[in-house]
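What follows is a single structure, written as structure tokens, with notes after it.
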Amino acid sequence: LIDAYDEHGDRVTRGEVTLLLLKDGGFGGERPPRSARAPAPDRAPDFEVREEVPAEQALLYRLSGDTNPLHADPEFAASVGFDRPILHGLCTFGYAGRVVLNHACHGDPARLSSFRGQFAKPVFPGDTMVLRGWNEEGRTAVTVTTEERPEELCFSNAYAVIR
């Protein structure tokens with residue numbers, strides 16, 4: 001768990017991160033439990049937003065402190081199975097969060113209680129993200145694909161709890 005506090009020492013947010021490292025098994029333990037599934041409803045979305053990711057977005061996002069070479073070095077990306085560097089998952093999450101804030105919370109951050117999801121496929125710098133949301137009672141289901149690979153969910157099992 002990761003907590004963030006304001007200048008008065010009051011907690012303003014709590015984050016939880018779970019990592020699944022593909023092809024890094026062999027630890028000898030039981031498989032962890034599967035995450036709860038939160039599929040998108042089988043109907044047209046309530047909102048759909050297209051956001052072009054600038055080609056240099058991953059390089060700029062490195063200023064957040066995540067200097068993993070997967071996001072900047074083509075040779076390293078190729079060595080772990082990608083044809084080029086990928087966008088940071090947290091950057092994808094930020095794009096999705098901004099869309100939820102604007103379209104489900106009507107720009108009011110106090111209405112966003114929580115937001116979760118699973119990174120399923122990468123977004124590449126230069127892609128155009130397609131962010132969709134389905135407003136349901138008390139929460140908004142979210143998916144992210146790209147125009148370049150519309151059949152691949154990049155961010156799935158995602159939803160925001162709205163106050």
- Report the distance from atom OG1 of T146 to atom CD of E152, rounding to the nearest 0.5 Å. 7.0 Å

- Nearest heavy atoms of P41 and A141, plus distance in Å: CD-CB, 3.8 Å

- Item | NZ/NE/NH1/NH2 to OD/OE distance under 4.0 Å, E48 and R50 | yes

- Message: So which atom in N68 and which in F76 form the shortest heavy-atom distance, rounded to 0.1 Å?
- Response: OD1-CE2, 4.0 Å

- Task: Please confirm whether the backbone N or O of M129 pairs with a side-chain atom of D127, one donor and one acceptor, at under 3.5 Å?
- Result: no

- Message: Donor-acceptor pair, distance only, cut-off 3.5 Å: does the side chain of S64 make one with the backbone of Y61?
- Response: yes

- State plainly whether one hydrophobic cluster holds both V144 and F115, where clusters connect Ile, Leu, Val, Met, Phe, Trp and Tyr through side-chain heavy atoms under 4.5 angstrom apart. yes

- Is the side chain of E52 donor-acceptor paired with the backbone N or O of G126 at a distance under 3.5 Å, no angle test? no

- Message: Is there a path of hydrophobic side-chain contacts, each under 4.5 Å between heavy atoms of I/L/V/M/F/W/Y residues, joining F93 to V161?
- Response: no

- Count the heavy atoms of every other residue, nucleotide or ligand shown that sit under 6.0 Å from CD of E151, and state whether that count exceeds 12. yes

- Item | Step-by-step side chain to side chain contact (heavy atoms under 4.5 Å, CB included) determination, K121 to R149 | CA-CA 10 Å; K121 296 284 184 175; R149 293 167 311 286; over 6 Å; no

- Message: Would you say V53 ends up clustered with L90 if hydrophobic residues are merged whenever their side chains have heavy atoms under 4.5 Å apart, either directly or through other cluster members?
- Response: yes

- Query: With side chains defined as the heavy atoms from C-beta onward, is the minimum distance between R84 and P74 less than 4.5 Å?
  - Reply: no

- Query: What is the distance from atom CZ of F124 to atom CD1 of I86, rounded to the nearest 0.5 Å?
  - Reply: 7.0 Å

- Item | Residues V123, Y95; criterion side chain to side chain contact (heavy atoms under 4.5 Å, CB included); working and verdict | CA-CA 11 Å; V123 173; Y95 273 80; over 6 Å; no

- Message: Is there a side-chain contact between L131 and E51 in this structure, where contact means two heavy atoms from C-beta onward sitting under 4.5 Å apart?
- Response: yes

- Query: Hey, what do you get for OG1 (T140) to CD1 (I162), rounding to the nearest 0.5 Å?
  - Reply: 4.0 Å

- Message: Let me confirm one number: the OG1-CD1 distance from T13 to I2, rounded to the nearest 0.5 Å.
- Response: 9.5 Å

- Query: Say you draw a straight line from OG1 of T92 to CZ of F119; how long is it, rounded to the nearest 0.5 Å?
  - Reply: 6.0 Å

- Query: R62 side chain to T67 main-chain N or O, any donor-acceptor pair under 3.5 Å?
  - Reply: yes

- Task: Specify whether H88 and H71 have parallel, tilted or perpendicular ring planes, treating 30° as the upper limit for parallel and 60° as the lower limit for perpendicular.
- Result: parallel

- Item | C154 to P122 - nearest heavy-atom pair and separation | SG-O, 3.6 Å

- Kindly indicate whether a cation-pi arrangement holds for R139 with Y159, taking the cut-offs as under 6.0 Å to the six-membered ring centre and within 45° of the axis. yes

- Point-to-point distance, once rounded to the nearest 0.5 Å, from SG of C91 to CG of L87: 4.0 Å

- Is R132 positioned over the aromatic face of F47, cation under 6.0 angstrom from the ring centre and no more than 45 degrees off axis? no

- Query: Honestly curious: do L101 and V142 fall in one hydrophobic cluster under the side-chain, below-4.5 Å linking rule?
  - Reply: no

- Message: Could you check whether any side-chain N or O of D46 sits under 3.5 Å from a backbone N or O of N135, counting only pairs where one atom can act as donor and the other as acceptor?
- Response: yes

- Please report the shortest heavy-atom distance between F82 and L70, naming the atom on each side. CD1-CD1, 3.6 Å

- In short, P125 meets A58 closest at the heavy-atom pair CG-CB, 3.8 Å

- Please name the pair of heavy atoms, one in R163 and one in L112, separated by the smallest distance, quoted to 0.1 Å. NH1-O, 3.8 Å

